[in-house]
2 protein chains.
Amino acid sequence: MAKQTVTAEDVAKRAGVSRAVVSRALSSNGSISPATKERVLRAAQELGYQVNFLAQGLNRQRSHLIGVIVARIADPFRSRLLEELLHEIQRRGYQALVTEISGEQDLVATLRRFTQFRVSGVIVTSGQPPQAIVNECVNLHIPVVGINRDPDIPLVDFVCSDNRAGAQLAAEQLLSAGCRRFGWLNTHGSTWAGRRRGEAFSQALEDGGVDTAQQLQIIMAHEEGYAGGWQAALAHDAELPDGIFCANAQLACGFLDGMRQRGKQAPHDFHLIGFDNTPQSGQFSYQLTTLHQNTTEIAHRALTRLLERAKNPLQPSHVEWVKVELIHRHTSPRIG
Amino acid sequence: MAKQTVTAEDVAKRAGVSRAVVSRALSSNGSISPATKERVLRAAQELGYQVNFLAQGLNRQRSHLIGVIVARIADPFRSRLLEELLHEIQRRGYQALVTEISGEQDLVATLRRFTQFRVSGVIVTSGQPPQAIVNECVNLHIPVVGINRDPDIPLVDFVCSDNRAGAQLAAEQLLSAGCRRFGWLNTHGSTWAGRRRGEAFSQALEDGGVDTAQQLQIIMAHEEGYAGGWQAALAHDAELPDGIFCANAQLACGFLDGMRQRGKQAPHDFHLIGFDNTPQSGQFSYQLTTLHQNTTEIAHRALTRLLERAKNPLQPSHVEWVKVELIHRHTSPRIG
DNA sequence: TTGAAAGCGATACCAC
DNA sequence: GTGGTATCGCTTTCAA
């Protein structure tokens, strides 16, 4: 039976050099003559040598791992974001550690586990990490980046879609389409991003001369996603607003279908604008007008911030706002 | 400035014992008196000691990591499967390493990277790993489990939905609904699972007395997912079959919408049965009759197989077929 | 440029 | 039951 694994020692022997030289040859770290370097590389090649990342990480006090914290991956927007993050992480030569959480205590446990693997960084797409655990990360010089989170943690960077600008675009679109009575659809226990969109929408309407006390109806779904939107539509008993803005795409699709069930169609009976631009919102049966979140850009910037902070762990917190775009579709068509 | 990390050494000092005892206290491996054990545990608690998984893994030759290989996570079925896998991996005390691949060479590189982290196992949900790299895993005693892959690799276990049974259920449903001319909708370059469903469907029709040479139309989309189904519907110029079975849900939803666009409705103009039972297929606008894949069960069994093989690396390959269920909805209603 | 040697942090075997 | 010690595989000073 062959030896299980080939180590740097083996390569060294074969190349007739010491372990130290092998390390240099592979990490191009420290000086080495081109000739021996090639000799080592060939030996490594021939033996099929692979660095043991556990040993390497132990020594360097840092692994090539990046932790990603997510929730409800089955949600189309979140899975798209995860996909982009994985892509970006791999592109930069790291390996992703992914954990799905369902509450704040999971968050703490996960963050701690990540530190135990000496990750090079952590990306949080769900939950709001308590200061205490963040400090543990900071002490270990592990950068933490939040995506679409409330950007109020010192020494943590944030990348967020520009919810405020998105809400303004929505308000302008609805106003110029001639809507007069407005609705804001969100779920109870919404994320920070959702609430921000609602506040900014209200603000933008006021700026546009709308008396929001009278003309803005708040519709709160009792459940997340499509099912929440559907039920909100079925349960809706006030007068139907003619311009509705919705915290996310899933909710909006559910609402649209619920209203169809009741015989109400957009844009005939009401206008509807969603957020996220999930694949479904562009499909024939929905054609939802929506704000587009640029997940590619978000992922790209998140990694950039992460590596930036790795170099300079104590720099002040950065917050980046990623541009959103209004996609005009059927539920609130472009004007003029 | 405090010391960056607290090690077993520190705990040992504080508890007035040796490193060895600390290790025993935490791993409950080797004998130790209850009294000292508690003393050590308290010391560890007080210092906030966390095991360094890199060091632990290096020594044990095995990390608490499990690698997962995925593709196109944004697809609703795949993201659901990933979600269940993560859940199951975490439930069993492991940490998931996730990599998204887009081709076979990515697969090899990824598998190799996983071995470099000395993972406890690998789950492959996309691609077909070449024998050579699988051997590397086997040599390192790293179990490999494939999900919905062609189960033909020695020393690798497989968990698959029972595609054959699903196709039979679909055929029976369409036959008993009175369909006479059949269609099979798939994409070019489909997965093994997709092709299996097609073969089994054809077989089941023949067993039901259908002359498939004459009465089974093969429809091949040029693209995956919703867009592929949509285009296949628009491009379809032969006579429309009255009973269509489709390789997956996304394709089916696209086809449904494409046909709507052309003024054809299910179940009035044709029956349609999909596979996967994604959330979308149950929504108001689709109401797709479909086979349900039990992802919870699949994930559960995959992990069970993984840990089973870890104990006994050279046992013969196991293949498990997970039961599928026909969900009767609008596009091919239940008979009688 | 190269090699010897001291860690990195934890585990497990072997004496006591 | 407990402590010393070799070991896991690699990196990185420090001399030569």
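Proteins get letters first, then strands, A, B, ... in listed order; numbering begins at 1 in each. Quick caveat: nothing in here was measured; it's all calculated off a predicted structure.
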Visitor: Would B:Gln131 and B:Asn135 count as having a side-chain donor-acceptor pair, cut-off 3.5 Å?
Guide: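 Checked: B:Gln131/B:Asn135 side chains pair up, N/O donor to acceptor below 3.5 Å.
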Visitor: Does B:Arg118 or B:Val17 map to a spot on DNA chain D nearer the 5' end, using the closest nucleotide for each?
Guide: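 By nearest-heavy-atom nucleotide position, the 5'-most residue is B:Val17.
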Visitor: Measure the shortest side-chain to side-chain distance between A:Leu26 and A:Val40 over non-hydrogen atoms and say whether it is less than 4.5 angstrom.
Guide: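 Sidechains of A:Val40 and A:Leu26: in contact.
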Visitor: So does B:Trp321 get a backbone contact from the side chain of B:Asp162, meaning a donor-acceptor N/O pair under 3.5 Å?
Guide: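 Not at all, since once roles are kept as given, no pair shorter than 3.5 Å links the two residues.
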Visitor: Give the rounded distance in Å between these two atoms: CG of A:Leu58 and C1' of D:dC8.
Guide: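 My rounded result for the distance is 9 Å.
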Visitor: Considering residues at least two apart in sequence or located in another chain, which fulfil the ring-ring contact (aromatic ring centres under 6.0 Å, His included) criterion with A:Tyr49?
Guide: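 Partners of A:Tyr49 under the ring-ring contact (aromatic ring centres under 6.0 Å, His included) test: none.
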Visitor: What are the atom names and distances for every N/O pair under 3.5 Å that joins the protein to nucleotides 10-12 of chain D?
Guide:
residue: D:dC10; atom: OP1; partner: A:Tyr49; partner atom: OH; Å: 2.4
residue: D:dC10; atom: OP1; partner: A:Asn52; partner atom: N; Å: 3.4
residue: D:dC10; atom: OP2; partner: A:Ala8; partner atom: N; Å: 2.6
residue: D:dC10; atom: O2; partner: A:Asn59; partner atom: ND2; Å: 2.8
residue: D:dT11; atom: OP1; partner: A:Gln56; partner atom: NE2; Å: 2.7
residue: D:dT11; atom: OP2; partner: A:Ser23; partner atom: OG; Å: 3.0
residue: D:dT11; atom: O4'; partner: A:Asn59; partner atom: OD1; Å: 3.1
residue: D:dT11; atom: O4'; partner: A:Asn59; partner atom: ND2; Å: 3.2
residue: D:dT11; atom: O2; partner: A:Asn59; partner atom: ND2; Å: 3.3
residue: D:dT12; atom: OP2; partner: A:Asn29; partner atom: ND2; Å: 3.4

Visitor: Identify the residue among B:Glu84, B:Glu88, B:Arg301 that makes a side chain to side chain donor-acceptor pair (under 3.5 Å) with B:Thr296.
Guide: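 The passing option is B:Glu84.
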Visitor: Apply side-chain hydrogen bond (donor to acceptor under 3.5 Å, both in side chains) to A:Glu46 and list each qualifying residue two or more places apart in sequence or on a separate chain.
Guide: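 Result, side-chain hydrogen bond (donor to acceptor under 3.5 Å, both in side chains) vs A:Glu46: A:Arg14.
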Visitor: In whole angstroms, how far is the P atom of C:dG9 from the CG atom of B:Leu47?
Guide: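 Rounding to the nearest Å, CG of B:Leu47 and P of C:dG9 are 15 Å apart.
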Visitor: Got a sec, which residues hit ring-ring contact (aromatic ring centres under 6.0 Å, His included) with B:Phe114, two or more places apart in sequence or on another chain?
Guide: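 By the ring-ring contact (aromatic ring centres under 6.0 Å, His included) rule, B:Phe114 matches no residue at all.
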Visitor: Report yes if some heavy atom in the side chain of B:Ile298 is under 4.5 Å from a heavy atom in the side chain of B:Gln293; otherwise report no.
Guide: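 Yes. Closest side-chain heavy atoms under 4.5 Å.
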Visitor: Phosphate oxygens OP1/OP2 of C:dT2: is one of them under 4.0 Å from a side-chain N or O of A:Thr36?
Guide: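 For C:dT2, OP1 or OP2 has a side-chain N or O of A:Thr36 closer than 4.0 Å.
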Visitor: To the nearest 10°, let me know how far the axis at one end of the helix from C:dT1-D:dA16 to C:dC16-D:dG1 is tilted from the axis at the other, five pairs an end.
Guide: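 Computed from the C1' atoms at both ends, the axes differ by 40°.
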Visitor: Which residues pass the ring-ring contact (aromatic ring centres under 6.0 Å, His included) test with B:His64, not counting sequence neighbours?
Guide: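 With neighbours one apart ignored, the set is B:Tyr94.
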Visitor: Is A:Ser18 near enough to C:dT2 that one of its side-chain N or O atoms lies under 4.0 angstrom from OP1 or OP2?
Guide: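 Answer is no, no contact under 4.0 Å.
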Visitor: Nearest-Å distance, CD (A:Glu38) to C1' (C:dT1)?
Guide: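 Distance check: A:Glu38 CD to C:dT1 C1' gives 17 Å.
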Visitor: Within this structure, what is the CZ-to-P distance between B:Phe117 and D:dG9, rounded to whole angstrom?
Guide: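 Spelled out: CZ on B:Phe117 to P on D:dG9 is 16 Å.
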Visitor: Whole angstrom is fine here: how far is it from CZ in B:Arg62 over to P in C:dT11?
Guide: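 Between P of C:dT11 and CZ of B:Arg62: 16 Å.
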Visitor: Mind checking B:Ser33 for me? I need base, sugar-phosphate or nothing, with any heavy atom below 4.0 Å counting as a touch.
Guide: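 Sugar-phosphate, backbone atoms only, no base.
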Visitor: On DNA chain D, nearest-nucleotide positions of B:Gln61 versus B:Gly30: which is more 5'?
Guide: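 Whichever sits nearer the 5' end wins; that is B:Gly30.
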Visitor: Starting at atom CG of A:Leu54, determine the distance to atom C1' of C:dC8, rounded to an integer number of angstrom.
Guide: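 It is 12 Å, rounded to the nearest whole Å.
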Visitor: Expressed as a whole number of angstroms, how long is the span from B:Lys13:NZ to D:dT2:C1'?
Guide: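 Nearest whole value for this atom pair: 18 Å.
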